[in-house]
Amino acid sequence: MAYKSTEEMVRRVRPLLDRLAGESIDRARLLQYLAARAGVVWGALELVTEVETEPQPGTTSRVFIFRDRISGVEHPIPYPSCLDTAIEPMVRAEYERLAIDRPLTMMAEPLFQHFYAAHCASCCWRGKQHDQIHRECRFAGYSINFEPAGETDSGG
């Protein structure tokens, strides 16, 4: 049986994984990669090296070797093909934000815009006068308040 804290962490990061990876196996690869990178930040793992290998389905040719700081065991973790390298730093930061045992905060604006700019551009709640509505979307991590322009009176 999984620990409640593990279940809570997975519940929190699942929407991010779902947004980036369509297949269950790709979500698992992405979670493994993000957890290992976060493990480096949190001091549990160290990044030993990066090597190039023959890509496997769902991965790139980049493989990162992580070492457990306590046991010394090394783990090769391939870079998931579903993770665009252009947004990888933002996704890693988002994973770290979601995976810690602290009250939730808002998704970083650049990552939110990457995922939802098209929604925001056609939403009736555009503009500074609706900043609270924008913050609610960023806190939820998706366009929770999306209403197409013209379908409601935005009051502004």
request  = Provide the full list of side-chain hydrogen bond (donor to acceptor under 3.5 Å, both in side chains) pairs with a residue in residues 73-83, sequence neighbours left out, each pair given once.
outcome  =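 Listed by first then second residue: R67-E74.
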
For the atom pair [atom1] ([X]) and [atom2] ([Y]), what is the distance rounded to the nearest 0.5 Å?
{"X": "R19", "Y": "L17", "atom1": "CZ", "atom2": "CG", "value": "13.0 Å"}
{"X": "H114", "Y": "I87", "atom1": "NE2", "atom2": "CD1", "value": "3.5 Å"}
{"X": "L16", "Y": "L111", "atom1": "CG", "atom2": "CG", "value": "7.0 Å"}
{"X": "R97", "Y": "M107", "atom1": "CZ", "atom2": "CE", "value": "6.5 Å"}
{"X": "D18", "Y": "D26", "atom1": "CG", "atom2": "CG", "value": "11.5 Å"}
{"X": "F66", "Y": "Q32", "atom1": "CZ", "atom2": "CD", "value": "9.0 Å"}

Indicate the atoms forming the closest heavy-atom contact of [X] with [Y], along with that distance.
{"X": "A99", "Y": "V13", "value": "N-CG1, 4.2 Å"}
{"X": "E94", "Y": "A108", "value": "OE1-N, 4.1 Å"}
{"X": "I70", "Y": "D68", "value": "N-OD1, 2.7 Å"}
{"X": "S61", "Y": "P55", "value": "N-CB, 3.9 Å"}
{"X": "P110", "Y": "M90", "value": "CB-SD, 3.6 Å"}
{"X": "E54", "Y": "Q56", "value": "O-NE2, 3.3 Å"}

Hydrophobic cluster membership, [X] vs [Y], 4.5 Å side-chain cutoff:
{"X": "Y33", "Y": "I25", "answer": "no"}
{"X": "V48", "Y": "W42", "answer": "no"}
{"X": "L34", "Y": "I65", "answer": "no"}

ask   = Is the cationic atom of R37 (NZ for Lys, CZ for Arg) positioned less than 6.0 Å from the six-membered ring centroid of F64 and within 45 degrees of its normal?
value =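 Verdict for F64: a cation-pi partner in R37.
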
message = Check this for me: does any side-chain nitrogen of one of E88 and R92 sit under 4.0 Å from a carboxylate oxygen of the other?
response =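 Yes, E88 and R92 are salt-bridged.
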
request  = Decide if atom CZ of R69 counts as having more than 12 heavy atoms of other residues, nucleotides or ligands within a radius under 6.0 Å.
outcome  =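 Yes, because the 6.0 Å sphere around CZ of R69 holds more than 12 heavy atoms from other groups.
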
task = For atom CD of E23, decide whether the heavy atoms of other residues, nucleotides or ligands shown that lie under 6.0 angstrom number more than 12.
result =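 Counting other residues, nucleotides and ligands, CD of E23 stays at 12 neighbours or fewer.
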
Side chain to side chain, [X] and [Y], heavy atoms closer than 4.5 Å:
{"X": "M9", "Y": "Y95", "result": "yes"}
{"X": "M106", "Y": "F112", "result": "no"}
{"X": "V63", "Y": "I77", "result": "no"}
{"X": "T85", "Y": "T60", "result": "no"}

